[in-house]
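First the structure, in the form of structure tokens, and then the observations on it.
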2 protein chains.
Amino acid sequence: MDIQYALLGYLSWQPFSGYDLKKLISESDLFYWSGNNNQIYNSLVDLYKRGLVSKEVQLQESLPSKKIYTITQEGRAELHRQMLAAPELPDCHNNFLIQLAWAGDLSPEEIDTLLASYEEEISVQLRMRQVRAGVQPASDPGSEARQPIPNRTAREQYLWQKIAENMLAQYQHELDWVRQVRSDLSASTGWTGCAWRALDEDQS
Amino acid sequence: MDIQYALLGYLSWQPFSGYDLKKLISESDLFYWSGNNNQIYNSLVDLYKRGLVSKEVQLQESLPSKKIYTITQEGRAELHRQMLAAPELPDCHNNFLIQLAWAGDLSPEEIDTLLASYEEEISVQLRMRQVRAGVQPASDPGSEARQPIPNRTAREQYLWQKIAENMLAQYQHELDWVRQVRSDLSASTGWTGCAWRALDEDQS
DNA sequence: CTTGTCATGTAAGAGGTTACATGATTCG
DNA sequence: CGAATCATGTAACCTCTTACATGACAAG
């Protein structure tokens with residue numbers, strides 16, 4: 001349950017409703033999230049049961065009533081405990097690599113088409129995330145980087161920036177990798193269209 | 001269900017038992033896997049129901065009987081269809097980044113301890129995977145790179161090598177990143193132990 | 001005498017996804 | 001008139017993880 005940790009983290013800044021938290025999490029690239037609310041509302045109920053947050057219902061005229069959650073002392077203690085926990089290794093589920101692993105029997109053209117569409121997807125994703133992270137393409141002066149919650153400490157801002165850089169660099173690396181694989185493969189079919197095929201048939 | 005795809009992939013090489021497949025998958029770094037067998041045996045049953053593999057029971061004296069699975073024509077067709085499917089984006093679950101996101105209130109020493117233990121874990125993992133992938137530390141002539149199934153085509157071998165490089169590079173990048181963050185943070189507490197603290201208290 | 005290998009499975013539970021449900025209001 | 005926003009939730013489902021179960025044999 002790492003979504004709970006994220007919820008508790010946001011609530012350590014200020015009280016929020018479930019709806020607010022949903023938006024914060026869906027707008028942030030840090031939290032991989034299915035996009036549906038069920039998990040957040042259930043987690044909040046659970047946090048409440050465990051006494052880590054308190055709840056206050058705000059009635060609104062002609063709008064559904066809000067539930068404002070506030071972090072408790074126990075919540076802050078739990079958050080602090082989690083902060084110091086032994087770090088986990090990242091686990092990356094890259095289905096494309098699995099797909100590629102068995103793609104050796106495809107024709108060079110088919111493989112290249114596959115790699116090209118992966119390259120395109122990664123590059124779109126990278127650009128999207130760059131924009132959201134406030135990386136501007138050197139021109140385009142308008143549109144400031146989004147700053148959802150200001151007034152954080154300098155160290156915290158530094159950490160958030162480094163986290164964003166980490167994730168962007170991963171997409172960048174993936175893009176460089178796929179481009180390199182494509183150029184390798186096209187180079188080797190380039191010299192000798194049948195060199196690969198000859199090798200292949202040699203061993204099969 | 002990407003484990004099924006991997007199973008079908010291995011079975012496209014040659015027939016295997018569930019136990020064999022379990023070992024292949026657990027020894028390979030490509031497939032993130034909980035380490036338990038349930039998923040594999042169930043997936044094989046499912047593949048069998050869908051007619052993608054056939055099954056043959058081999059009785060052995062004084063050993064449990066084996067079930068040897070062989071890929072069918074429909075299985076090969078399905079594998080080929082999956083090969084050409086639209087690639088998915090990688091989804092990386094890096095819990096450490098989430099942990100770090102809320103660690104801004106820790107003391108510089110506590111953050112560095114946290115980063116140091118992450119660095120250690122990544123570096124251990126990287127070395128382990130380098131060894132398994134056959135990357136030798138320039139000395140140490142013995143111990144060849146493991147080659148579970150030889151007789152693959154040259155293109156396939158190239159792809160598997162690139163896949164391994166991709167994953168190693170990701171760990172390497174993670175290691176570089178955490179080292180850079182550590183040196184940044186220690187540098188800024190170095191010049192002025194209280195510069196950070198002053199900034200922090202300014203804004204809180 | 002305990003641990004590991006061979007070889008298969010069941011059962012329970014945690015976790016996450018998809019879809020459905022409500023109902024007023026505002027914007028194009 | 002249809003779609004999006006605000007705001008919360010339920011129910012069914014699928015996947016994955018954890019733990020348990022068997023039973024002979026070999027190695028330290």
Side-chain angles (χ1 to χ4, degrees), chain A residues 1-8 10-11 15-27 30-50 53 55-70 88-89 91-95 98 148, chain B residues 1-8 10-11 15-27 30-50 53 55-70 88-89 91-95 98 148:
Chain A
M1 260 288 159
D2 31 71
I3 197 92
Q4 287 200 1
Y5 187 48
L7 294 173
L8 222 45
Y10 278 121
L11 291 173
F16 285 111
S17 71
Y19 194 77
D20 293 333
L21 290 164
K22 190 180 100 176
K23 280 206 298 182
L24 283 169
I25 286 181
S26 67
E27 278 163 17
L30 221 188
F31 313 102
Y32 39 86
W33 181 53
S34 71
N36 226 324
N37 34 15
N38 155 306
Q39 225 179 324
I40 285 171
Y41 288 117
N42 284 347
S43 292
L44 283 169
V45 168
D46 193 60
L47 288 173
Y48 180 70
K49 274 188 203 154
R50 290 164 61 200
V53 298
K55 183 166 57 171
E56 189 203 348
V57 180
Q58 246 182 30
L59 292 163
Q60 300 175 114
E61 46 177 88
S62 83
L63 270 179
S65 56
K66 284 182 170 190
K67 292 184 180 173
I68 306 292
Y69 292 93
T70 307
E88 287 173 55
L89 286 170
D91 54 332
C92 199
H93 294 219
N94 195 338
N95 280 343
I98 299 182
Chain B
M1 262 286 160
D2 30 71
I3 196 91
Q4 288 201 0
Y5 188 47
L7 294 174
L8 222 45
Y10 278 121
L11 290 173
F16 285 109
S17 71
Y19 194 77
D20 293 333
L21 290 164
K22 191 181 100 175
K23 280 206 298 183
L24 283 170
I25 286 182
S26 67
E27 278 163 17
L30 221 190
F31 313 102
Y32 38 85
W33 182 52
S34 70
N36 225 323
N37 33 15
N38 155 304
Q39 224 178 323
I40 286 172
Y41 288 115
N42 283 348
S43 292
L44 284 169
V45 169
D46 194 59
L47 288 173
Y48 180 70
K49 274 189 203 154
R50 289 164 61 198
V53 298
K55 185 167 54 174
E56 188 202 347
V57 180
Q58 246 181 31
L59 291 163
Q60 300 177 115
E61 45 176 88
S62 84
L63 271 180
S65 56
K66 285 183 173 195
K67 292 185 180 171
I68 306 293
Y69 292 93
T70 306
E88 287 173 55
L89 286 170
D91 55 334
C92 197
H93 293 218
N94 194 336
N95 280 343
I98 298 182

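Protein chains get the first letters and strands the later ones, always in sequence-line order, with residue 1 at the start of each.
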Heavy-atom nearest nucleotide on DNA chain D taken for A:Y69 and for B:P64; more 5' hit belongs to A:Y69
First and last nt of DNA chain D near chain A, cut-off under 4.0 Å to heavy atoms, 5' to 3', are D:dT5 to D:dA11
In whole angstroms, the gap separating P of C:dA7 from NZ of B:K55 amounts to 17 Å
From CG of A:L7 across to P of C:dG16 the rounded distance in Å is 12 Å
Are the side chain of B:N42 and the backbone N or O of B:Q39 linked by a donor-acceptor pair below 3.5 Å? no
### Message
Please verify the inter-ring angle class for A:Y32 with B:H93; under 30° counts as parallel, over 60° as perpendicular, anything in between as tilted.
### Response
parallel
In whole angstroms, the gap separating P of C:dA7 from OH of B:Y41 amounts to 9 Å
Is there a side-chain contact between B:Y19 and B:K67 in this structure, where contact means two heavy atoms from C-beta onward sitting under 4.5 Å apart? no
Residues at least two apart in sequence or cross-chain that pass side-chain hydrogen bond (donor to acceptor under 3.5 Å, both in side chains) with B:Q4, listed by chain then number, are B:D46, B:R50
- Could you tell me whether B:N37 contacts a base, only the sugar-phosphate backbone, or nothing, with contacts defined as non-hydrogen atoms closer than 4.0 Å? base
Per-helix bend value, the helix from C:dC1-D:dG28 to C:dG28-D:dC1, C1' rotation axes over five pairs per end, 10° rounding, shows 40°
From CD1 of A:I3 across to P of C:dA14 the rounded distance in Å is 19 Å
Between B:K67 and B:K23, the residue closer to the 5' end of DNA chain C by nearest nucleotide is B:K23
field: Pair B:Y10-B:Y69, side-chain contact (heavy atoms from CB on, under 4.5 Å): steps then yes or no
entry: CA-CA 11 Å; B:Y10 278 121; B:Y69 292 93; over 6 Å; no
B:N95 atom CG is separated from C:dG15 atom P, nearest whole Å, by 12 Å
### Task
Classify the nucleic acid contact of A:N38 as base, sugar-phosphate or nothing, counting any heavy atom under 4.0 Å across all strands shown.
base
Rounded to the nearest 0.5 Å, the CG atom of A:L21 sits from the CD1 atom of A:I3 at a distance of 9.5 Å
Is the positively charged end of A:K55 above the ring of A:Y48, judged by distance under 6.0 angstrom from the centroid and angle within 45° of the axis? yes
Taken to the nearest 0.5 Å, the spacing of A:N37 CG from A:S43 OG works out to 11.5 Å
side-chain contact (heavy atoms from CB on, under 4.5 Å) test vs A:L7 passes for just one of A:V53, A:I40, A:D2, namely A:I40
A:Q60 atom CD is separated from C:dT22 atom P, nearest whole Å, by 21 Å
A:I40 atom CD1 is separated from C:dT18 atom C1', nearest whole Å, by 16 Å
Rounded to whole Å, the OH-C1' distance (A:Y19 to C:dT25) equals 12 Å
